*Asks:* 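Let me give you the structure first, and then I'll get to my questions.
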Amino acid sequence: MIISPSLLSADFGNLNADIEMINSSEADYLHIDVMDGVFVPNISFGFPVLKYVKAATKKPLDVHLMIIEPQKFTAEVAATGAEIMTVHYEVCNHLDRVIHQIHEAGMKAGVSLNPATPVGMLKDVISDIDVVLLMSVNPGFGGQKFIPYVLDKVAELRAMIDNAGAKTIIEVDGGVNLKTGAQLAAAGADMLVAGNFVFSAENPIATIAELKKL
C-alpha cells in the first residue's frame, strides 16, 4: 500500500519534529491539504508554509487543493516541487483542461471526489487522470468518522479503471486506520491518506509501517 500521511494532523508548534518523523518512516508521500474557507469550512495553510515543508521533507509532496478555482495556482504548486496536484471535480467547470494544465506543469494530475459525488462522473477522463482521490469523510476537518459507502465507490472505481485499461491510482482520504485501511485495500484502493491515526499514535513510524503492509 502507498501511504501519504496528512500534514494537517501534525503538531504545528513542533512541525520540524513531525516532518523529521515522516522522513524517517516508510511513508511514500507527504499529503498537503490546502483549504480556502470557501469550498470547505476551514482554512489551513498556503504556499509560504509549503515552501518551508518542501525544504524540510525528503518525501515527495501530494498536494490536495480543497479550494475554488484551483487552476489559478498550478504554477505555485509546481514551484513547490509537488509530484501530485489534486483538484476537486466539484469546482472544475472545465476538468479536462485543468488535467492537461497540471500535466503541462510537470506534475501528476489528481482529481478528488466528495463522498456524495458519483465515480461515474470521471468515466470520460479516467485514462488521463493519474490519481483519483476519494474522500471518505466530508472535507474540511481532520478526525472525522469513515463513511462506509465509500467502499462501494472504491470497488466501482476499480472496475472502471480496469475496464478502461488505465493506470490510475485510487487514493482514499478520511477516517483511515488499520481496520478501514484493510477494507479499502480489499475493495481495490492503492494509496491511503492517514492523519490523526498516524500523528496521534504512540509510535507513528510503526503505525505507518503497519499501514504499508495492508
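We're numbering straight along the sequence, starting at 1. Since the model is a prediction, treat every value here as computed from it, not as a measurement.
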*Asks:* Walk me through whether Asn177 and Thr180 qualify under side chain to side chain donor-acceptor pair (under 3.5 Å).
*Replies:* CA-CA 5 Å; Asn177 54 40; Thr180 58; 3.1 Å; yes
*Asks:* Any heavy-atom pair between the side chains of Val172 and Val154 that's under 4.5 Å?
*Replies:* yes
*Asks:* Does Gln144 have any side-chain contact (heavy atoms from CB on, under 4.5 Å) partners at least two apart in sequence or in another chain, and if so, which?
*Replies:* Val137, Asn138, Phe141
*Asks:* Please report the closest heavy-atom contact between Ser4 and Leu30, naming both atoms and the distance.
*Replies:* OG-C, 3.8 Å
*Asks:* For side chain to side chain contact (heavy atoms under 4.5 Å, CB included), just list the numbers for Met191 and Asp62, CA-CA rounded to whole Å, side-chain angles, deciding distance to a tenth of an Å, and then say yes or no.
*Replies:* CA-CA 11 Å; Met191 181 172 178; Asp62 169 24; 3.6 Å; yes
*Asks:* Quick one: does Thr207's side chain have a donor or acceptor within less than 3.5 Å of a partner on Ala201's backbone?
*Replies:* no
*Asks:* Taking only residues two or more places apart in sequence, or in another chain, which ones meet Asp128 in a side chain to side chain donor-acceptor pair (under 3.5 Å)?
*Replies:* none
*Asks:* Between Asn196 and Ser9, do the side chains contain an N or O donor and an N or O acceptor separated by less than 3.5 Å?
*Replies:* yes
*Asks:* Taking ring-ring contact (aromatic ring centres under 6.0 Å, His included) as the definition, give me every residue that meets it alongside Phe45, ordered by chain and number, with sequence neighbours left out.
*Replies:* Phe12
*Asks:* Is Asp173 close to Asp33 at the side-chain level, that is, under 4.5 Å between some pair of heavy atoms?
*Replies:* yes
*Asks:* State, yes or no, whether a side-chain contact exists between Met135 and His88 at a heavy-atom distance under 4.5 Å.
*Replies:* yes
*Asks:* Does Tyr29 share a hydrophobic cluster with Leu7, counting links as ILVMFWY side-chain heavy atoms below 4.5 Å and allowing steps through other members?
*Replies:* no
